[in-house]
2 protein chains.
Amino acid sequence: MNTRTQEKAQTRQKILDAASRLSAERGFSSLSLRAVAQEAGIGPSSFYRHFTDLDDLGLALVDQVGMNLRLLVRRARQSILEDGGRNVVRAPIRIFMDLAATNRNLFRLLLGEGSGSTPAFREAIAKEIQRFTSDLVEDLKRGAAFTGRPLAHVECAAEAMVTVAFNLGAAAVDRSAAEREETTERIIREVRIIMRGAEAMAAGWEPAHA
Amino acid sequence: MNTRTQEKAQTRQKILDAASRLSAERGFSSLSLRAVAQEAGIGPSSFYRHFTDLDDLGLALVDQVGMNLRLLVRRARQSILEDGGRNVVRAPIRIFMDLAATNRNLFRLLLGEGSGSTPAFREAIAKEIQRFTSDLVEDLKRGAAFTGRPLAHVECAAEAMVTVAFNLGAAAVDRSAAEREETTERIIREVRIIMRGAEAMAAGWEPAHA
DNA sequence: ATCTTCAGCGAACGTTTGTGCGCTGAAATA
DNA sequence: TATTTCAGCGCACAAACGTTCGCTGAAGAT
């Protein structure tokens, strides 16, 4: 690859990082082209060599955030495989929360910008989370086949789990370690409830009525 | 009450309405004092007669949104009481979604601004949703006592339900009626899963393992 | 009838915003 | 070596921003 294109990609990345860093404080929707350029260490007019718009930047940012997230998750998944069967809920969520804590900006962007800015931006984020949910569906099916405990409405259950984990997790990202710990446990419990519900439905169990 | 103070309260309300209307498009965090003033039909400088800041406005807005929400919910709850026992999940969620559809701005503010702006604003919103959850906890306990089906971890279950309903609901607010319908059914299913899980746990039910 | 209060206004300020333009100098190409 | 490409820069501009100031005129108080 050319030295030229290499350097261009490099400053492009600097812009993306700057945007990610700045959007952590006030949200992506309320940040300015000039501020981003300054944080990236380039002049305002140079910005246009890489992106046409702030919206354009936003889409690229979501793209990259999604890629990073999937990479991290894939790596995490491998380390779970060693843990045979036990802690099917606890281990993944612990990893998820650690990930969120060490990649705040990344998660904040994915979670805080639910309705912040342009529709395209919104939808890009939604799609990214949906992809995450799809992966979880696969995992759940695999897990169910392994433990012999089928789940009803896997897609819905997965969606509920992801929604709970992402949302409560996002709220805890900026809290103290102790509070984060407490929140993590609560998420685990809630995901367990969902899991148990899906299992109960699959087994046809119903509560006795008085 | 004086005509004077009455009129003041009136324009104050006009400002709040204007902010609510405008924040629906781009989010509260990215709106300007001048734009709000213009939408409210007053000069920029008159804004300061009612609020010191945009943050100040934000807090007042959350306050009012919370009040309206609680009012609507209370009204909705009464109309549920007629529906004895059956549709414990479906009826409330249908009402909730109708509420969300006819009060978009209200819900969008409560849901989209998760990390948009200042911490005080964030926390005010979090507190409002928490209050909503507390109410649901009470309802669930009452319902459980009535149907004789106890729930485990009521607080957690309620939190999960609220999180799912608010989040998926918020995403659907801007969609077509058909998509909203589809989303509503999915929310109902997911809340049912949570409910069933909490019931199963309370009953000590566990899935048979292979 | 006189005086006080104060919501709303318009003008002005200094900043910050997005964006266009032409230049530069090093890297890529020929 | 001569030529082309183009990322980055500085400058300029119009527009929008938050905020201050003094004025006005109707409502409230005396």
Side-chain angles (χ1 to χ4, degrees), chain A residues 1-62 64 113 116-121, chain B residues 1-62 64 113 116-121:
Chain A
M1 204 211 275
N2 277 343
T3 307
R4 195 67 174 277
T5 49
Q6 217 168 353
E7 279 178 352
K8 176 162 185 179
Q10 201 170 323
T11 54
R12 189 190 142 98
Q13 190 55 45
K14 277 204 291 187
I15 296 177
L16 285 167
D17 290 347
S20 161
R21 226 172 304 132
L22 286 185
S23 74
E25 298 172 11
R26 289 265 170 215
F28 177 84
S29 54
S30 61
L31 58 73
S32 74
L33 187 150
R34 287 183 110 104
V36 172
Q38 189 176 26
E39 175 84 6
I42 63 172
S45 52
S46 304
F47 178 90
Y48 294 99
R49 302 284 182 201
H50 304 273
F51 305 97
T52 70
D53 236 8
L54 272 180
D55 286 349
D56 194 20
L57 207 207
L59 294 186
L61 198 50
V62 174
Q64 186 185 271
E113 233 53 62
S117 44
T118 182
F121 189 76
Chain B
M1 202 208 275
N2 277 341
T3 306
R4 196 67 174 276
T5 49
Q6 217 168 352
E7 279 177 351
K8 177 162 185 179
Q10 201 170 323
T11 56
R12 188 189 144 98
Q13 190 54 45
K14 276 203 292 187
I15 297 178
L16 285 167
D17 290 347
S20 160
R21 227 171 304 132
L22 286 185
S23 74
E25 298 172 11
R26 289 264 172 217
F28 177 84
S29 55
S30 62
L31 59 73
S32 72
L33 187 149
R34 286 181 110 105
V36 172
Q38 189 176 27
E39 175 83 8
I42 62 171
S45 52
S46 304
F47 178 91
Y48 295 99
R49 301 282 183 203
H50 303 272
F51 306 96
T52 70
D53 237 7
L54 273 180
D55 287 350
D56 194 20
L57 208 206
L59 294 187
L61 198 50
V62 174
Q64 185 184 274
E113 232 54 61
S117 44
T118 181
F121 189 76

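By convention in this document, chain letters (A, B, ...) are assigned in the order of the sequence lines, proteins followed by strands, and residues within each chain are numbered from 1. All values reported here derive from a predicted model rather than from experimental measurement.
- Closest to the Lys8(A) side chain, of the nucleotides dA7(D), dT19(D), dC9(C), is dA7(D).
- Of all heavy-atom pairs between Pro44(A) and Leu33(A), the closest is O-CD2, 3.7 Å.
- Between Tyr48(B) and dT19(D) there is a side-chain N or O to OP1 or OP2 distance below 4.0 Å.
- Relative to the side chain of Pro44(B), the nucleotides dG18(D), dT19(D), dA7(D) differ in distance, and dT19(D) lies closest.
- When all heavy atoms of Arg49(A) and Lys8(A) are compared, the closest pair comes out as O-NZ, 3.3 Å.
- Separating the CG atom of Asn2(A) from the P atom of dA28(C) is a distance of 5 Å, rounded to the nearest angstrom.
- The 5' end of DNA chain C is approached more closely, in terms of each residue's nearest nucleotide, by Gly43(B) than by the other of Arg34(A) and Gly43(B).
- A straight line from CG of Leu33(A) to P of dT19(C) spans 7 Å, rounded to a whole angstrom.
- Between the CZ atom of Phe47(B) and the C1' atom of dC9(C) there is a distance of 16 Å, given to the nearest Å.
- Of the candidate nucleotides dT20(D), dG8(D), dG28(D), dG28(D) has the atom nearest to the side chain of Thr3(B).
- The listed nucleotides are dT19(D), dG28(D), dT17(C); the one nearest the side chain of Arg4(B) is dG28(D).
- Using a 4.0 Å heavy-atom cutoff across all strands shown, Ser45(B) reaches at least one base atom of the nucleic acid.
- Comparing Arg49(A) and Ala35(A) by the nucleotide of DNA chain C that holds the closest heavy atom to each, the one mapping nearer the 5' end is Ala35(A).
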